[in-house]
Amino acid sequence: MDISSFGEFIKSYFLWRDPMIVGAVSGAICGFLGVYVVLRRIVFVGAMLSQVSSFGVALAFYIGGFSAFSSLGSMIDPFAISLIMTALAALFFALKKDFFRISQEGAIGFGYLLASGAVVIIGNLITHEAHDIADILFGSAVVVDPKEVYIVPAVAFFSILIHCIFFKDFIFVSFDPETAQLFKYPVRILNTVLLLTVGIVIAVTTRALGALPVFGLTVLPPLTALFLTESLNRVFILSVLIGVLSAGLGYFFSFILSLPTGASITTCAALFFLIGICWREIKLLVLT
Amino acid sequence: MNLPLLIKLENAAIGYDKREFFDSINLSIKQGEFWGIIGPNGGGKTTLLKTILGLIPPVSGKVHYREDEPLTFGYVPQREKFDHIFPISVSEFVAMGRYIRIPVGRGVKKEDWKIVMSCLERVEIPHLKDRPFRSLSGGEKQRSLLAHALAGEPDILILDEPTASMDIKGETAIMELLGRIKEKDKLTVLMVSHFLNTVARFADHVVVVDKDSGVFSAGIMEEVFSGETLSRIFGLDVTIEQVAGKMRIYAAVGGRDR
């Protein structure tokens, strides 16, 4: 990267302003909610829900492609279908996690694989929008839909609002559900609301960024933050900051180096994690 | 002395999913009593505790609680049960014990933090308030758990294996601290333990349970704690002797397997 390419990047701000806003907000909210996902040891819930969200989008394209549904096609909004399906998957996971009488990881794996297989099959059936589906899966989209500039921050705002109100309660039911039940806390309702916010945010951000970067932003910033600090509040703050930086730098490098955006964001988040490990190791070495 | 009745199990059948472990239990727990709950692994101790706490309903019969004002329970779970991935400080952990008095959607206020600090002082670890809970030693964790239970200003303290995996010094320190707090606050204590001598030394009442042999016996220590009952439920020759006015329990060396 040289100065001229950086200058070009600044000059063409009208191209990257909207995707950067959406990316940064997605990084912040995924980083925040990802702390719960990592602490509750349900990391692959992020992968499963983003895959279900992709399946919802692919399904909407597929239904819209039928001539029999041509009048319906214009009414089927891929975003709405993906949101409903992801919210249903999150609800099912929250309420019926013992449904299969298998481990939690097993149920998540089942959901992930079913959605992934279905996305590939549907992608194979529809040729016209195959490129759009690939964008959704891997986040290669360089531009975002103008309405997402409003939808993503609005969803992030409401999620944060809910989490500000119930912060202590979400932490309590995540850390010690047995005592929460003894204290007559509505453990099941709180878990459902928590997972619903995760599901809705993942559906919305997957539509904007793609499944891969959303999974990356949900897992890697919280992991890095947990490496760097022993304070729970600081873990949330650091995770949000790392999420924003990963999305911003990922988009920047993708822009000037012509890299796929989703992969660039994910790699930036992974590099922050590696830097976090090195930082901690050096700190331990200095202390000893 | 006529102590106020806190909990009464009346002809209660306890168990899970309509499967009865014991069919007709009667048990009265009064204020200020120290109950030990003993029995072999899988004998029904946890089921009894959960029924007393109201977490699972009795299959039949009734559980009555004090009527004039609702009972508040302080729970001291086994310290190994917490996931160490959570970066929770000692004071944050103790504050969670206060949540029984803080409704959903309301944050922890200044007054609550004052109570948290006073609980840490009562268990003699105020200096550890900012330390991560996961970095504490076994004894320090047990004190934090006790402070966590006290933070809710309970009527009844429930302890699940409070001295498991502790050396004799740590065990004595925790049990003596518990005894002092119980006396000072006039608390009622229910303690599940595998350490029969600890129960014999500190409790005044005991429940002996074993669903496999159908034993359920509850009452004052001297009446219930017998070599015969203990031999039956543990499948070993167990003898009880009085040493310096205290019960001492011995299992026969190479105890005969029943």
Side-chain angles (χ1 to χ4, degrees), chain A residues 34-43 98 101 104 161-194 219 222-239 276 280 284 287, chain B residues 46 49-56 70-79 81-109 112-113 129-136 144-145 148-149 151-154 156-158 160:
Chain A
V35 175
Y36 289 101
V37 170
V38 171
L39 290 179
R40 293 172 69 116
R41 298 183 188 268
I42 49 170
V43 160
D98 303 326
R101 292 189 182 275
Q104 196 161 257
L161 194 66
I162 290 170
H163 279 262
C164 283
I165 296 169
F166 298 110
F167 182 72
K168 121 183 172 291
D169 312 304
F170 287 151
I171 293 292
F172 190 31
V173 297
S174 301
F175 178 66
D176 189 3
E178 197 180 295
T179 306
Q181 199 188 355
L182 176 67
F183 288 2
K184 305 274 190 291
Y185 267 55
V187 176
R188 186 171 271 221
I189 294 173
L190 287 167
N191 278 332
T192 306
V193 173
L194 174 59
V219 174
L223 276 180
T224 312
L226 282 166
F227 250 98
L228 294 176
T229 178
E230 289 276 5
S231 150
L232 188 63
N233 290 338
R234 280 204 293 268
V235 166
F236 278 98
I237 294 166
L238 263 179
S239 184
R280 191 185 158 101
L284 285 176
L287 283 174
Chain B
T46 307
L49 208 55
K50 285 186 174 176
T51 309
I52 290 172
L53 289 169
L55 290 176
I56 51 172
L71 284 177
T72 306
F73 294 104
Y75 179 48
V76 181
Q78 292 187 24
R79 60 184 184 279
K81 83 159 200 160
F82 295 105
D83 192 341
H84 282 181
I85 192 175
F86 278 79
I88 300 262
S89 72
V90 171
S91 56
E92 283 167 339
F93 174 72
V94 173
M96 283 184 188
R98 182 85 193 138
Y99 289 2
I100 195 166
R101 295 190 181 270
I102 306 175
V104 173
R106 204 202 90 188
V108 184
K109 292 186 174 169
D112 299 312
W113 286 115
K129 68 182 171 64
D130 295 325
R131 278 265 299 275
F133 177 71
R134 60 189 175 192
S135 71
L136 301 181
S144 305
L145 283 163
H148 170 274
E153 299 170 275
I156 301 183
L157 258 188
I158 291 158
D160 191 359

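Atom set for the values below is all heavy atoms of this structure, side chains included, hydrogens, waters and symmetry mates excluded. Just so we're clear, the structure is a prediction, and the values are computed from it rather than from any experiment.
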Check: Out of curiosity, B:Phe133 CZ to A:Glu230 CD, how far, rounded to the nearest 0.5 Å?
Finding: 13.5 Å

Checklist line | Closest-packed option against chain B by number of heavy-atom pairs under 4.5 Å, given A:Phe167, A:Tyr185, A:Phe166 | finding: A:Tyr185

Next item on the list: Considering only heavy atoms and a distance below 4.5 Å, find which of A:Pro186, A:Ala180, A:Cys164, A:Ser174 pairs most often with chain B.
Entry: A:Ser174

Checklist line | Most chain A-contacting option - heavy-atom pairs closer than 4.5 Å, from B:Gly97, B:Ser135, B:Ala95, B:Pro77 | finding: B:Gly97

Notebook entry, point to check: In terms of heavy-atom proximity below 4.5 Å to chain B, should A:Val35 be classed as side chain, backbone, both, or neither?
Noted result: neither

Margin query: At a 4.5 Å cut-off on heavy atoms, which part of A:Arg41 comes close to chain B: side chain, backbone, both, or neither?
Written below: side chain

Item checked: Heavy-atom pair with the smallest gap, counting every atom of B:Pro87 and A:Leu39 -> CD-CD2, 4.0 Å

Item checked: Closest non-hydrogen atom pair, A:Lys168 against B:Ile102 -> CE-CG2, 3.6 Å

Next item on the list: Give the intermediate values and the outcome of side chain to side chain contact (heavy atoms under 4.5 Å, CB included) for residues B:Ile85 and A:Val38.
Entry: CA-CA 9 Å; B:Ile85 192 175; A:Val38 171; 4.3 Å; yes

Next item on the list: Could you walk me through whether A:Thr179 and B:His148 pass side chain to side chain contact (heavy atoms under 4.5 Å, CB included), step by step?
Entry: CA-CA 11 Å; A:Thr179 306; B:His148 170 274; 4.1 Å; yes

Notebook entry, point to check: Is the count of non-hydrogen atoms from other residues, nucleotides or ligands lying under 6.0 Å from A:Ile165 atom CD1 greater than 12?
Noted result: yes

Notebook entry, point to check: Taking only residues two or more places apart in sequence or in another chain, which ones pass ring pair (Phe, Tyr, Trp, His ring centres under 6.0 Å) with A:Phe183?
Noted result: A:Phe172

Checklist line | ring pair (Phe, Tyr, Trp, His ring centres under 6.0 Å) partners of B:Phe73, counting only residues at least two apart | finding: none

Notebook entry, point to check: Charged N to carboxylate O below 4.0 Å: is that the case for B:Lys81 and A:Asp176?
Noted result: yes

Note to self: Counting C-beta onward and ignoring hydrogens, is there a side-chain heavy-atom pair between B:Leu55 and A:Glu178 closer than 4.5 Å?
What the structure shows: no

Next item on the list: Flag the pair A:Ile171 / B:Ile88 as yes when at least one side-chain heavy-atom distance between them is below 4.5 Å, and no otherwise.
Entry: yes

Item checked: Heavy-atom contact with chain A under 4.5 Å, split by part of B:Arg134 -> side chain

Next item on the list: Please work out whether the ring planes of B:Phe93 and A:Phe175 are parallel, tilted or perpendicular, with thresholds of 30° and 60°.
Entry: perpendicular

